[in-house]
Amino acid sequence: MDMDSIVSLCKRRGFLFQSSEIYGGLQGFWDYGPLGVELKRNVKEAWWRDMVSCHDDMNTLEGAPSPYSMEGLDCTIIMHPQVWKCSGHYDLFHDFMVDCKETKKRYRHDQLNGRWVEAKDKKVFVTAAAGDDELEVMTKRALKFYNLRNKNIDDLKWDGDSTCLTEIEDLSQVLGPDAKELGTLTEPREFNLMFKTYVGALSGEEGAAFLRPETAQGIFVNFKNVLDSTRHRLPLGIAQIGKSFRNEITPRNFTFRSREFEQMEIEFFCHPDESQKWYQFWRDRRVAWYNELGIDMKKMILREHTPDELAHYSIGTADIEYQFPFMAEGEFGELEGVSHRGDFDLRSHMEGKLDEKTNPLEVQLGEDGKPKWKGSGKDLSYRDNLTNEKYTPHVIEPSAGADRATLAFLCDAYRVDEQPDDKGKMQKREVLKLHPRLAPIKAAVFPLVKKDGMPEVAKDVYLKLKKDFKVFYDEKGAVGRRYRRQDEAGTPYCITVDGQTLDDQTVTIRDRDTLEQVRVKIDEVSNIVKERIEG
RNA sequence: GCGGGUGUAGCUCAAUGGCAGAGCUCCAGCCUUCCAAGCUGGUGGUGAGGGUUCGAUUCCCUCUACCCGCUCCA
């Protein structure tokens with residue numbers, strides 16, 4: 001199975017188009033066509049129903065420590081700029097960063113200075129964080145690198161003054177500020193770029209705002225509102241589906257990495273002592289959800305982050321990943337991340353942005369000794385009215401990509417098999433074996449031939465079904481061709497009016513996957529299709 | 001971000017410094033009583049801009065998009 005065939009089918013049948021295609025397209029942006037929009041809506045609706053509106057809050061779900069509540073939310077895309085300062089997104093926005101592959105530390109590209117130095121026939125660029133004692137630090141680091149003693153300090157031949165790392169093009173001879181080896185710094189890169197816009201008529205910096213890079217922050221800043229207006233006790237999950245925007249450097253792989261995309265996120269607030277159990281619950285529950293909707297478990301993995309990948313305040317983060325056809329053998333792409341975020345977010349919005357590196361977490365201070373980014377000052381902690389205990393809840397965050405899930409469902413459903421044609425000869429068939437809940441069109445209605453009054457009866461059946469489902473009517477051409485067209489659209493059921501219908505008011509229902517037909521009464525069609533879709 | 005490749009009809013692919021072609025699809029009609037290729041007819045195209053040229057889809061440049069590899073992936 002190759003991605004080109006899937007992309008081709010998506011275009012041909014109207015699942016996905018390139019954005020602004022007539023103008024040459026725009027990198028990282030995609031449009032959903034008539035079938036695609038139905039599919040994606042069904043994905044989102046399945047998530048919302050299963051996680052939120054049909055959630056059973058009376059009973060303890062399998063694997064859960066206790067019953068819990070769920071509510072939904074729909075926040076704006078543009079929020080107060082301070083939100084992104086306290087969330088940490090803003091700091092990562094402005095600047096080019098370099099990462100050290102050896103120490104895993106990250107530096108602002110323009111805040112590292114260095115000097116060329118030569119000794120033992122080797123010339124390197126020694127760096128240090130820009131500051132008052134940088135020359136001293138560089139000297140110490142150079143001595144250590146060349147394995148020289150203080151008394152041999154004159155062996156170091158300096159070439160030029162302290163210069164900014166931004167002046168250096170080739171990083172292979174650069175010694176990172178904390179590294180032991182040369183060339184461990186990555187190329188400078190902007191990441192986590194937020195799209196910037198301006199609120200109000202003035203386009204000055206005072207009106208600067210950002211399109212949200214995630215929906216999660218809207219939930220954190222509304223935590224108290226939701227709690228106060230719903231009278232829920234914890235544990236409580238708050239869910240949101242909505243567009244997010246990230247100015248990705250390298251959008252690629254169809255819709256997998258887009259600059260405008262839709263997220264389905266839950267922030268689950270619970271008592272710190274129970275957060276680990278809830279983390280495990282959500283991780284397993286979310287994997288099971290993809291499975292229930294038909295994703296082949298052999299193509300999915302749950303990848304737990306290793307301890308050194310985790311922020312220290314986090315008990316765990318797991319990526320739910322799918323083996324997309326455009327990825328190399330053995331590689332997977334992230335569909336959803338489930339992470340334990342501790343109280344980092346709520347406290348950052350209360351006290352000011354916390355410093356992820358501190359343990360226990362402390363507010364990150366600016367050069368003036370005051371909080372670098374001031375929080376709201378509002379109390380976002382929780383008082384349990386039964387126990388009278390007051391605490392800042394811990395958060396489990398299952399964060400899924402709606403577009404990635406849609407793409408995974410598409411890829412997973414795509415098959416090419418062989419089925420006989422009207423002469424019994426085997427022919428190639430492209431089919432989307434989508435779960436009936438996700439299928440854009442639930443059923444198609446055909447008259448077997450376009451005469452003998454069959455179209456009239458078929459149209460009646462069509463209009464009846466249309467009250468309940470997205471259905472499609474087609475009377476053109478041979479019936480076999482119509483079946484195949486629906487196979488490509490992923491339509492699970494085709495209802496055919498034939499000669500016998502006119503005698504006994506029955507029709508056949510043809511199954512997309514087995515090609516088997518059953519004959520049922522017209523009056524029962526709607527209920528039978530409904531039963532099959534809901535499984 | 002770097003290197004390489006590609007861009008011709010809805011799809012798959014031809015051809016050409018001088019009227020751009022096929023198959024499939026699609027549409028209309030005929031035929032057709034259950035799994036696409038029966039008949040007739042029809043619609044429809046050189047990614048964008050600039051240059052060279054009497055004339056450019058073809059040669060050159062720029063842009064753009066997609067694919068592959070590397071890098072990266074909050």
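Given the structure is predicted, the values throughout are model-derived calculations rather than measurements. Residue numbers begin at 1 in each chain, while the letters A, B, ... track the order of the sequences.
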Original post:
B:rG44 and B:rA36: how far apart are their P atoms, nearest whole angstrom?
Top reply: 30 Å

Subject >> B:rU6 pairs with, by Watson-Crick or G-U criteria that keep both distances under 3.5 Å >> reply: B:rA65

Original post:
Does the B:rC35 base have a donor-acceptor partner in the side chain of A:R482 within less than 3.5 Å?
Top reply: no

Original post:
For B:rG55, which nucleotide in any strand shown is its Watson-Crick or wobble partner with both distances under 3.5 Å?
Top reply: none

**OP:** Return yes if the base of B:rA36 and the side-chain atoms of A:R481 contain a donor-acceptor N/O pair under 3.5 Å, otherwise no.
**Re:** no

Original post:
Does the separation of the ring centres of A:W278 and A:F268 fall below 6.0 angstrom?
Top reply: yes

Subject >> Listed nucleotide nearest any side-chain atom of A:R510, set B:rC66, B:rG69, B:rC35 >> reply: B:rC35

Subject >> Shortest side-chain distance from A:V449, nucleotide among B:rU32, B:rA36, B:rC70 >> reply: B:rU32

Original post:
Would B:rC39 be called syn or anti, given that syn covers angles within 90° of 0?
Top reply: anti

Original post:
Taking the nucleotide of RNA chain B with the closest heavy atom to each, which residue, A:Q27 or A:A478, is nearer the 5' end?
Top reply: A:A478

**OP:** Look at the aromatic rings of A:H394 and A:H340 and report parallel, tilted or perpendicular, splitting at 30° and 60°.
**Re:** perpendicular

**OP:** Rounded off to whole Å, could you give me the CG-to-P distance for the A:D421 and B:rA36 pair?
**Re:** 5 Å

Subject >> Minimum-distance nucleotide (side-chain atoms of A:R485 versus B:rA65, B:rA36, B:rC26) >> reply: B:rC26

Original post:
Does B:rA14 have a Watson-Crick or wobble partner in any strand here, with both distances under 3.5 angstrom, and which is it?
Top reply: none

**OP:** Return the nucleotide paired to B:rU43: Watson-Crick means purine N1 to pyrimidine N3 with N6-O4 or O6-N4, wobble means G-U with N1-O2 and O6-N3, both under 3.5 Å.
**Re:** none

Subject >> Gap in Å between the two C1' atoms, one belonging to B:rU43 and one to B:rU58, rounded >> reply: 27 Å

Original post:
Under 4.0 Å between a Lys/Arg side-chain N and an Asp/Glu carboxylate O for A:R512 and A:D487?
Top reply: no

Subject >> Which residue lies more 5' along RNA chain B, comparing A:D498 with A:M426 via nearest heavy atoms >> reply: A:D498

**OP:** Would you state whether a donor and an acceptor, one from the side chain of A:Q517 and one from the base of B:rC34, lie under 3.5 Å apart?
**Re:** yes

Subject >> Minimum-distance nucleotide (side-chain atoms of A:R12 versus B:rC35, B:rC34, B:rC11) >> reply: B:rC11

Original post:
Between B:rC35, B:rU32, B:rG10, which nucleotide has the shortest distance from any of its atoms to the side chain of A:K11?
Top reply: B:rG10

